Amino acid sequence: MSQVKKVRGFQDIYGEDAKKYRFVVETARKIFEDYNFSEIILPYVEDVSLFVRSVGEETDIVQKEMYVFEDRGGRKVALRPEGTASAVRAYIEEGLYAKGGYQKLFYEGAMFRYERPQAGRYRQFHQIGAEIFGANSPLSDAELIKMVKDILDQLGIQTRLEINTLGDFESRRRYIDVLRSFLKERQDLLCEDCKRRIERNPLRVLDCKVESCREATKDAPVLIDYISDQSLQRFEKLKEYLKAMGISFIFNPRLVRGLDYYTDTVFEFITDKIGAQGTVAAGGRYDTLVKQLGGPETPALGFAAGIERLMLLVEKLPEEKDLVVVIPVVSEFNIEGLKIADRLRKKGIKTELILKEGSLKSKMKLANKIGGRFVVFASENPELKDMETGEQEKFENAEDLIDVLAEKTVKP
RNA sequence: GAGGGUGUAGCUCAGCUGGCAGAGCACAAGGUUGUGGCCCUUGGGGUCGCGGGUUCAAGUCCCGUCACCCUCCCCA
């Protein structure tokens, strides 16, 4: 009988990794809440057209990475490849714009992209993200970036921040046309990948690592010359705000994002500690997307961060509670063991009742193996053993023992 | 979609020019009949990823296939 294995690109997250996962999510959640963002729990399945219209018809995500299928009702649906599209859809569909002011939302969960798995990349991966709808001021750009930075700092993750502005939708479109014709003239000098990029994603050519491409595009038209004064002013403000907040950044005029909907501000937090997949969190402004998806004209911006990649960078987890192990010395004291464990847990003490019967020696080995800090022997006269010092104390009754133990265990 | 690497015990791996499938760790029992870690003894464990071929003989050589890891592409 052959064994069933997990599907390529999918993973079980358990043990230390599960702890890291929770640490990342809970840290982010706390900061989202401190910034007064509200959670939105979004569906994993959406109409395919949502992603075609937002992420972009020509992007790799839509062209070849989406899990698309027909449900039993004949609907063409997709497992979501990213979170922003769903958030925008919900913002419109649930009429959140009618609440007035602006909306700040965060989400967390799985995303699906059919890609070749590699370090820090899976077909089911997990993101945390946040979106701000209806805020136009560069204050919102600055605050979003600051919030992401806070999360990374809180996780103890070192990155560099790169920022750029893509200008508004129209000026970017004009620039892309000019750039495309420039690249076409020189396509013989470009690498194979870049030749394909001319149609697909010409901005990306400027970011190519191949030396010959860099050379060929040295005097390419620059985006900043095509950007409106209004966009430039916004960008200047943003830089001013970041500086005032003590956030260091690198202006990277060639930074582009892979999704079509971005306008004006884009940013990435990057590390070079985890191999090729160095972008750990990224986002930007998308002022035309809400309208494009059928909502009212609404300025918006957001970011997403890959939990798996953050996990690779998390070095130390917060301290855990001391573990107390309860061992019935012989099976006659099993009930006593159950009772003691119950009382310890009610006091908020992390307690493992040894669930195997056998020699006391084997139970002690197990207590040691699972990292018990203290052992309580359940018997007629209960005893408390400190596993670090080896000291052991006998008690008249369980009550006294539990009181002493409650003093000794560390409760963070 | 393109390239490279690796598949042998639960885990990490060794196994030379083909000749009885191994080590360490882990697991179980014992070395104190109610006490862990260190040490010692003993023990259980394998269709050598899968399929085919060459050979008296294949973990080893050849062909195919699958999976995983890594890189490019793309992205978080």
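Within every chain, numbering begins at 1; the chains are lettered A, B, ... in the order of the sequence lines, protein sequences first and strands thereafter. Every value quoted in this text rests on a predicted model; they were computed, and no experiment measured them. Atom set for the values below is all heavy atoms of this structure, side chains included, hydrogens, waters and symmetry mates excluded.
If you take atom C1' in B:C13 and the same atom in B:G59, they sit 14 Å apart, rounded to whole Å. Between the C1' atoms of B:G46 and B:G37, the separation comes to 31 Å (whole Å). Distance check on atom C1': B:U55 versus B:C62 gives 12 Å, rounded to whole Å. Rounded to whole Å, the separation between the C1' atoms of B:A2 and B:G45 comes to 42 Å. For B:A14 and B:G49, the P atoms lie 13 Å apart once the distance is rounded to whole Å. A distance of about 31 Å separates the C1' atoms of B:U17 and B:C70, rounded to the whole Å. Annotation: B:U47 and B:A21 have their C1' atoms spaced 13 Å apart (nearest Å). Comparing the same atom, C1', in B:C25 and in B:C20 gives a spacing of 26 Å after rounding to whole Å.
Separating the NZ atom of A:K361 from the P atom of B:A28 is a distance of 12 Å, rounded to the nearest angstrom. Look at NZ on A:K369: it is 7 Å from P on B:A28, rounded to the nearest Å. In this structure, A:K363 places its NZ atom 17 Å from C1' of B:A28, rounding to the nearest Å. The nearest whole Å value for the distance from the CG atom in A:D193 to the P atom in B:G3 is 14 Å. Taking atom CG on A:L255 and atom P on B:A76, their separation rounds to 11 Å, with Å as the unit. One atom, CE of A:M387, and another, C1' of B:G37, lie 8 Å apart when rounded to the nearest Å. In this structure, A:R116 atom CZ and B:U71 atom C1' are separated by 10 Å, rounded to whole Å. The CZ-C1' distance, from A:R8 to B:A67, rounds to 8 Å in whole Å.
Closest approach to the A:N368 side chain among B:G34, B:U71, B:G36 is made by B:G36 (side chain taken as heavy atoms from C-beta onward). Of the candidates B:C74, B:A76, B:U35, the closest approach to any side-chain atom of A:M364 belongs to B:U35. Considering only side-chain atoms of A:T279, the nucleotide from B:G36, B:A76, B:C73 that sits closest is B:A76. Nearest nucleotide to the A:S362 side chain, out of B:A76, B:G34, B:A29: B:A29.
Residue-level contact check: A:G390 touches the bases, meaning some heavy atom is under 4.0 Å from a base atom. Residue contacts for A:R121: at a heavy-atom cut-off of 4.0 Å it reaches a base atom on one of the strands shown. Residue-level contact check: A:F377 touches the bases, meaning some heavy atom is under 4.0 Å from a base atom. Here A:K365 lies in heavy-atom contact (under 4.0 Å) with sugar-phosphate atoms only. Counting non-hydrogen atoms under 4.0 angstrom, A:A305 reaches nothing in the nucleic acid. Residue-level contact check: A:V330 touches neither bases nor backbone, having no heavy atom under 4.0 Å from any strand. A:Q11 comes within contact range of no nucleotide atom at all, as no heavy-atom separation falls under 4.0 Å. Across all strands shown, A:Q392 has heavy atoms under 4.0 Å from base atoms, whether or not it also approaches the sugar-phosphate.
The main-chain N or O of A:Q292 is found under 3.5 Å from a side-chain atom of A:R53 such that the two form a donor-acceptor pair. Remark: side-chain polar atoms of A:N334 are not paired, donor with acceptor, to backbone N or O of A:G337 under 3.5 angstrom. In this structure a side-chain-to-backbone donor-acceptor pair under 3.5 Å is missing from A:T298 to A:F133. No donor-acceptor pair closer than 3.5 Å links the side chain of A:R89 to the backbone N or O of A:L293.
As the counterpart of B:C61, B:G53 is assigned, both hydrogen-bonding distances of the Watson-Crick or G-U wobble pattern falling under 3.5 Å. Using the Watson-Crick or G-U wobble rule with both distances under 3.5 Å, B:C13 pairs with B:G22. The partner of B:A28 is B:U42, judged by Watson-Crick or G-U wobble contacts that both fall below 3.5 Å. In this structure B:U47 sits in no base pair that meets the Watson-Crick or G-U test at under 3.5 Å. Across the strands present, B:G34 finds no partner; the criterion is a Watson-Crick or G-U wobble pair with both atom distances under 3.5 angstrom. B:A2 is paired with B:U71 under the criterion used here, namely a Watson-Crick or G-U wobble arrangement in which both key atom distances are under 3.5 Å.
In this structure, A:K385 and A:Q127 both approach RNA chain B, and ranking their closest nucleotides by distance from the 5' end singles out A:K385. Between A:K356 and A:E383, the residue anchored nearer the 5' end of RNA chain B, judged by the nucleotide with its closest heavy atom, is A:K356.
Two rings, from A:F251 and A:F235, have their centers less than 6.0 Å apart.
Here A:R204 reaches the OP1 or OP2 of B:C74: one of its side-chain N or O atoms lies under 4.0 Å away.
Stacking is found between A:F125 and the pyrimidine-like six-membered ring of the B:A76 base under the 5.5 Å centre-distance and 30° plane-angle cut-offs.
Taking the six-membered ring for Trp and thresholds of 30 and 60 degrees, A:F32 and A:F303 have ring planes inclined between 30 and 60 degrees apart.
Ion pairing between A:R373 and A:D386 holds under the 4.0 Å rule for side-chain N and carboxylate O.
Rounding to the nearest 0.5 Å places NE2 of A:H126 at 13.0 Å from CG of A:L310.
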